[in-house]
> 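Let me give you the structure first, and then I'll get to my questions.
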Number of protein chains: 2
Amino acid sequence: MTVTLKDIARQVGVSVTTVSRALAGYNDVAAGTRQRIQEAAAELGYSPNITAQRLQKRRTDTLGFIMPTFGPRFSDPFFSEFIAGIGNEAAAHDYDLLVSTHAPDSQGEQKAYQRAVKRGWVDGLIVVRTRENDARIKLLHEHHFPFVVFGRTNDALDYPYVDEDSEAGMRLLVQHFIDLGHRRIGLITSPPGLMFGRYRLQSFHDTMGDNGLPIQPEWIVEGALTQRSGAEAAGQLLALDPRPTAIIGGNDLMAIGAINRIQQIGLKAGQDIAVGGFDDVPSAAYMSPPLTTLHQPIYKIGRDTCAMLIDLINGRLPTTTHILLTPSLIIRASSGQSIL
Amino acid sequence: MTVTLKDIARQVGVSVTTVSRALAGYNDVAAGTRQRIQEAAAELGYSPNITAQRLQKRRTDTLGFIMPTFGPRFSDPFFSEFIAGIGNEAAAHDYDLLVSTHAPDSQGEQKAYQRAVKRGWVDGLIVVRTRENDARIKLLHEHHFPFVVFGRTNDALDYPYVDEDSEAGMRLLVQHFIDLGHRRIGLITSPPGLMFGRYRLQSFHDTMGDNGLPIQPEWIVEGALTQRSGAEAAGQLLALDPRPTAIIGGNDLMAIGAINRIQQIGLKAGQDIAVGGFDDVPSAAYMSPPLTTLHQPIYKIGRDTCAMLIDLINGRLPTTTHILLTPSLIIRASSGQSIL
DNA sequence: ACCATCTTCCAAAACGTTTTGGAAGATGAG
DNA sequence: CTCATCTTCCAAAACGTTTTGGAAGATGGT
């Protein structure tokens with residue numbers, strides 16, 4: 001069937017050892033012998049079996065990425081860009097990328113992490129969308145398994161991570177709206193338990209407070225990170241009396257949903273109601289109105305996270321294991337003009 | 001370090017064989033012995049090493065998906081939804097999914113396919129975005145390697161595929177515009193060499209011809225499947241005199257870019273210029289105006305493709321290996337009213 | 001002619017699992 | 001008591017590779 005070292009050995013009339021060492025470039029093989037072996041290998045079309053190499057080397061040269069997906073069918077531009085980032089970086093270092101989709105805290109997710117930790121499934125893991133009391137991180141940490149996280153947790157554990165400074169981001173956005181004269185600002189939050197939502201919500205409170213502005217509880221509505229849920233949440237906010245003059249989406253997808261709902265009831269986003277988002281997804285700049293948002297360099301974050309993990313796996317401690325990136329506020333038409 | 005069969009065998013005082021067979025549930029193990037083995041396994045926290053199992057079984061239980069990406073940094077909602085589809089289906093059958101990103105026809109891509117074919121990298125491959133004279137398909141076909149394709153090629157080769165009927169889709173969309181009274185219709189095509197672009201272009205020509213409508217060469221502009229390129233191409237179309245009254249994007253991303261450019265120069269998409277796209281990406285319904293487009297059930301296509309591949313790998317010939325899905329036209333505000 | 005040193009090769013072990021082909025002892029039928 | 005049949009176990013081989021620890025023969029210096 002497929003060609004093995006044994007086949008070459010038989011054809012050339014040497015031992016498997018010699019074939020292996022000849023092809024690996026050791027210098028204890030006579031030039032002529034090596035020549036004949038190389039020719040035979042080329043002729044037979046030999047390529048070493050990956051699984052056998054992995055067993056022998058006790059490493060898989062594979063990285064794992066377990067995507068936490070809400071609901072079976074889902075689509076989030078964040079993930080394709082992030083995968084492109086880690087995928088390219090991994091490929092550059094000759095690592096494979098194993099991708100698995102599982103609902104957060106589901107049995108399937110737990111099994112996947114167990115396989116990594118106990119069964120030599122992959123050499124390291126990339127963890128995203130941190131949760132409060134994140135069981136994944138506890139597990140990996142106590143098994144001393146190599147991993148890097150995009151996000152932080154509320155544990156006291158020390159582990160390498162890359163994160164965006166959600167607090168700073170939200171502060172920029174809220175202050176921007178306040179400076180434009182807004183006083184009643186609605187917020188569409190992400191599902192509970194997600195750390196980044198927690199930081200953003202906290203910062204929303206803080207920034208409003210620092211400006212001496214009270215917050216009505218009904219200004220804060222929960223969404224599910226999708227356009228549809230953003231539209232629904234916006235519907236609730238727009239039904240308030242008085243209604244908010246600005247709406248912040250916990251991510252761009254929800255902000256896009258909000259804009260849609262605003263137009264639907266006959267108002268103009270960016271004129272009657274200001275809107276802002278988080279992420280700067282590719283479509284954000286092409287909406288009408290274009291969406292004011294906080295730019296996160298997702299692709300770069302993916303690359304950096306992956307590079308850090310590879311260093312970790314190979315025992316090269318990264319110089320810094322805690323990276324906090326400040327998102328930059330991209331002001332576009334959806335935040336409108338001053339209403340003062 | 002990690003626990004192996006040997007460790008359990010030593011602790012219980014039996015052979016490795018017996019441990020293996022006890023845990024695998026064979027009935028040639030005494031009840032008491034099995035009990036002690038199971039307890040020891042639980043106590044030591046044993047889980048079988050995946051790589052060793054794979055070597056022994058000569059199968060990886062892993063599927064490969066090599067994403068053809070244009071440019072290093074990229075983001076296409078098509079891929080995240082497609083990955084979710086194949087990922088979930090794969091997980092349901094206990095298969096892993098290996099994802100690799102490579103530029104089309106690049107060296108890296110070729111190497112990846114070689115690894116699959118010759119080195120036991122994965123048990124099967126999913127191929128997408130077929131190209132003219134697609135080298136990937138020729139390679140896989142001549143090596144009798146299990147694979148399923150999303151898309152068709154111009155080869156005479158027989159292989160299993162799932163595809164959307166681009167010709168039917170384009171016909172629906174063009175006819176829709178013609179019925180609304182449009183006579184000058186611009187088309188933003190995908191990069192050359194991509195089969196789906198070829199079908200769409202051909203069908204564009206055919207449908208216009210069938211309606212007795214001539215096509216000016218300058219109505220057809222090439223894009224790169226991104227919002228930005230769609231905006232640029234639309235810019236060219238809008239500069240024509242007389243300019244087209246309708247613009248079709250080769251995919252939704254380019255249609256979204258076109259809408260953006262239309263608004264930018266002070267015209268109203270869906271009123272002054274009709275716009276249509278392909279794919280029905282999640283954002284399409286939330287644009288303003290919402291985008292008329294051809295809905296492709298990407299998630300389902302991913303699942304079906306993957307299911308077919310798994311059948312193939314396990315020697316269960318799927319009943320049908322050629323599936324052609326007709327996209328449905330979703331009419332939204334961007335196609336506007338009749339202009340007659 | 002003898003010993004030391006190179007050069008070239010390979011058998012065996014190892015990675016951790018599953019499968020094959022018995023073997024030893026217990027049980028039961030006659 | 002004898003032979004056949006179960007029950008329970010295991011040594012060895014296998015998957016395909018890499019590494020270890022020599023061994024045999026060639027070379028060269030004296």
Side-chain angles (χ1 to χ4, degrees), chain A residues 1-38 40-41 44-62 94 114-123, chain B residues 1-38 40-41 44-62 94 96 115-123:
Chain A
M1 211 52 207
T2 57
V3 188
T4 70
L5 286 180
K6 204 190 282 187
D7 298 321
I8 303 179
R10 193 175 329 113
Q11 163 143 347
V12 178
V14 293
S15 75
V16 166
T17 307
T18 304
V19 177
S20 174
R21 296 185 71 82
L23 294 177
Y26 285 85
N27 65 355
D28 61 354
V29 180
T33 313
R34 165 170 289 130
Q35 174 86 12
R36 281 185 297 137
I37 289 174
Q38 281 169 340
L44 298 177
Y46 169 78
S47 294
N49 179 283
I50 289 187
T51 306
Q53 282 183 328
R54 288 181 177 169
L55 178 58
Q56 153 70 27
K57 294 198 157 139
R58 260 141 304 168
R59 48 184 297 166
T60 62
D61 292 324
T62 302
D94 285 321
Q114 288 288 343
R115 291 208 298 166
V117 166
K118 304 187 59 172
R119 304 188 55 191
W121 186 43
V122 295
D123 293 343
Chain B
M1 209 51 211
T2 57
V3 188
T4 70
L5 286 179
K6 204 190 283 186
D7 298 322
I8 302 179
R10 191 174 333 112
Q11 163 142 350
V12 178
V14 294
S15 75
V16 166
T17 306
T18 304
V19 177
S20 173
R21 296 185 72 81
L23 295 177
Y26 286 84
N27 65 356
D28 61 354
V29 179
T33 312
R34 167 172 286 128
Q35 173 86 13
R36 281 183 298 135
I37 289 174
Q38 281 169 340
L44 297 177
Y46 169 78
S47 294
N49 178 284
I50 288 187
T51 306
Q53 282 183 327
R54 288 180 177 169
L55 178 59
Q56 152 70 27
K57 295 197 158 139
R58 261 142 304 168
R59 50 184 297 167
T60 61
D61 291 324
T62 302
D94 284 322
D96 283 335
R115 292 209 296 166
V117 166
K118 305 186 58 173
R119 304 188 54 191
W121 186 42
V122 295
D123 292 343

> Between atom CZ of Arg54(A) and atom CD1 of Ile50(B), what is the distance when rounded to the nearest 0.5 Å?
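With rounding to 0.5 Å, CZ (Arg54(A)) is 11.0 Å from CD1 (Ile50(B)).
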> Describe the nucleic acid contact of Thr51(A) in one word from base, sugar-phosphate, nothing, applying a heavy-atom distance below 4.0 Å.
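Counting heavy atoms under 4.0 Å across all strands, no contact is made by Thr51(A).
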> Measure across Asp7(B) and Val3(B) and return the closest heavy-atom pair with its distance rounded to 0.1 Å.
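Looking at all heavy atoms of both residues, the shortest contact is OD2-CA, 3.4 Å.
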> Between Leu55(B) and Thr51(A), which heavy-atom pair has the shortest distance, and what is it?
N-CG2, 3.5 Å
> Any side-chain heavy atom of Thr33(A) sitting closer than 4.5 Å to one from Arg36(A)?
yes
> Using a 4.0 Å cut-off to any heavy atom of chain B, which nucleotides of DNA chain D are the first and last in contact, reading 5' to 3'?
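Extent of the interface on DNA chain D: dT8(D) to dG16(D).
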> Run the side chain to side chain contact (heavy atoms under 4.5 Å, CB included) check on Leu23(B) and Tyr46(B) step by step: do they pass?
CA-CA 10 Å; Leu23(B) 295 177; Tyr46(B) 169 78; 3.8 Å; yes
> Counting only non-hydrogen atoms, which of residues 19-29 of chain B are less than 4.0 Å from DNA chain C?
Ser20(B), Arg21(B), Tyr26(B)
> Checking all strands, does Thr17(A) fall into the base, sugar-phosphate, or nothing category for heavy-atom contacts under 4.0 angstrom?
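It contacts base atoms.
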> By nearest heavy atom, map Thr18(B) and Lys57(B) onto DNA chain D; which one lands nearer the 5' end?
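The 5'-side residue here is Thr18(B).
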> Restricting to non-hydrogen atoms, name the atom on Ala40(A) and the atom on Ile8(A) that form the minimum distance, rounded to 0.1 Å.
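Residues Ala40(A) and Ile8(A), closest heavy atoms: CB-CG2, 4.0 Å.
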> Once you build an axis from the first five pairs and another from the last five of the helix from dA1(C)-dT30(D) to dG30(C)-dC1(D), how far apart in angle are they, to 10 degrees?
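Angle reported: 60°, given to the nearest ten degrees.
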> What closest approach, in Å, do Ser47(B) and Arg119(A) show between heavy atoms, and which atom pair accounts for it?
CB-CG, 3.3 Å
> Can you tell if the side chain of Asn49(B) reaches within under 4.5 Å of the side chain of Thr2(B), non-hydrogen atoms only?
no
> Using every non-hydrogen atom in the two residues, find where Arg115(A) and Asp96(B) come nearest and quote the distance to one decimal.
NH2-OD1, 2.6 Å
